[in-house]
Number of protein chains: 2
Amino acid sequence: MTKQNYTSEDSIKIFKALADPIRLEIIKYLNQLNHEESCGEIGQAMDISKTSGSYHFKILQEAGLITVHKIAREKYVKLDRPTFDYYLTHFWQNL
Amino acid sequence: MTKQNYTSEDSIKIFKALADPIRLEIIKYLNQLNHEESCGEIGQAMDISKTSGSYHFKILQEAGLITVHKIAREKYVKLDRPTFDYYLTHFWQNL
DNA sequence: TAAATAGTTCAAATATTTTTGAACTATTTA
DNA sequence: TAAATAGTTCAAAAATATTTGAACTATTTA
């Protein structure tokens, strides 16, 4: 279930998460995908180090923009579409 | 006329502009206003220095989130609602 | 014309974000 | 069990963003 009633702090966390070229690339990449993909695969597609990937995925997750699903030693990641949908339709209410 | 076809760089500029507590306060303040107000008045309402105001208004304007209208020595500012409307309805296309 | 007001610009100081590489944990494969 | 793989954590370095105050321009008011 998607979170309702965001605070301004939540909003800022979301905007900060979106306000970086690597993270926006990740978002765009995940958007045109319709399955889960591992952090490693995505990191390779973005051509970033695994440390950098780890950092950026954490920020995206903490903003609620992706969901993460660990299987054994791999972490699979996909867009949290309900967050985007909710946020885009309740933008002014949530600021 | 509102800009169509944003690049990823434009998007990042917009997200960065929104990703700051003072600027988000300004946006919220302007949103519940329906007339133009001067930078000075807004700055006072936000309790920030005029230098800081000048800096933040510039970032908001360069992101296309506000429009500015100079009368004599004062600058009047209001939300650029078409930008918000367009962006919120074309979010995925514009990333 | 002098003083006051609205806002800008600049450079320095401060704060925050991002990158980097090495060392680490947990899991899988040989 | 040893080696390899996926990802995390940490602290230092580098890059960016924000704040500050002083000096500035342009306009208005006394």
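Just so we're on the same page: letters track the sequence lines, and every chain starts at 1. Here the structure is a predicted model, which means the values were calculated and not measured.
Across every strand in view, D/dG7 sits in a pair with C/dC24 that passes the Watson-Crick or G-U test at under 3.5 angstrom. The partner of D/dA2 is C/dT29, by the rule that a Watson-Crick or G-U pair needs both atom distances under 3.5 Å. Checking D/dA12 for Watson-Crick or G-U wobble geometry (two distances, each under 3.5 Å) identifies C/dT19 as its partner. Pairing for D/dA17 goes to C/dT14, judged as Watson-Crick or G-U wobble with the two contacts each under 3.5 Å.
For the pair B/F15 CZ and D/dA17 C1', the computed distance is 19 Å after rounding to whole Å. A straight line from CD of B/E62 to C1' of C/dT9 spans 14 Å, rounded to a whole angstrom. C/dT8 atom C1' lies 13 Å from atom CD of B/Q61, rounded to whole Å. The interatomic distance linking B/I12 (CD1) with C/dT18 (C1') rounds to 14 Å, in whole Å. Here the C1' atom of nucleotide D/dA11 and the OH atom of A/Y55 are 14 Å apart, to the nearest Å. Distance, B/I66 CD1 to C/dG7 P: 12 Å, rounded to whole Å. Atom CE in B/M46 sits about 14 Å away from atom P in D/dT19, given to the nearest Å. Straight-line distance from the CD atom of B/E74 to the P atom of D/dT27: 13 Å, rounded to whole Å.
Closest approach to the B/D20 side chain among D/dT8, C/dT18, D/dT18 is made by D/dT18 (side chain taken as heavy atoms from C-beta onward). Here the side chain of B/K16 is nearest to one of C/dT19, D/dA17, D/dT27, namely D/dA17. In this structure, the nucleotide among D/dT8, C/dT18, C/dA6 sitting nearest to the side chain of A/I59 is C/dT18. Checking C/dT19, D/dT19, D/dA22 against the side-chain heavy atoms of B/I22 singles out D/dT19 as nearest. For B/K50, taking side-chain heavy atoms from C-beta onward, the closest of the listed nucleotides D/dT8, C/dA6, C/dT19 is C/dA6. Considering only side-chain atoms of A/S52, the nucleotide from C/dG7, C/dT19, D/dA17 that sits closest is C/dT19. Listed nucleotides D/dT18, C/dT27, D/dT9 differ in distance to A/A72; the shortest reach to its side chain belongs to C/dT27.
For A/K70 and A/R73, each mapped to the nucleotide of DNA chain D holding its nearest heavy atom, the one lying further toward the 5' end belongs to A/R73.
The neighbour count for A/K28 NZ, taken as heavy atoms of other residues, nucleotides or ligands under 6.0 Å away, is above 12. Around CD of B/Q32, the count of heavy atoms belonging to other residues, nucleotides or ligands within 6.0 Å exceeds 12. For B/Q44, the CD atom is loosely surrounded, since the number of other residues' heavy atoms within 6.0 Å does not exceed 12.
Side-chain atoms of A/Y6 and A/Q93 include no donor-acceptor pair closer than 3.5 Å.
In this pair, B/Y86 and B/H90 present their aromatic rings parallel. The plane angle is below 30°, not in the 30 to 60° band.
Listed pair A/R23 / C/dT18 meets the phosphate criterion, a side-chain N or O lying under 4.0 Å from OP1 or OP2. Phosphate contact (OP1/OP2 of C/dT19, side-chain N/O of A/T51, threshold under 4.0 Å): absent. When the side-chain nitrogen and oxygen atoms of A/H56 are compared with OP1 and OP2 of C/dT19, one or more of them lie within a distance under 4.0 Å.
Here B/F57 lies out of heavy-atom contact (under 4.0 Å) with every strand. Heavy atoms of A/S49 sit nowhere under 4.0 angstrom from any nucleic acid atom.
Put simply, A/L79 and A/F91 are part of the same group of oily side chains (I, L, V, M, F, W, Y) that touch within less than 4.5 Å, one to the next.
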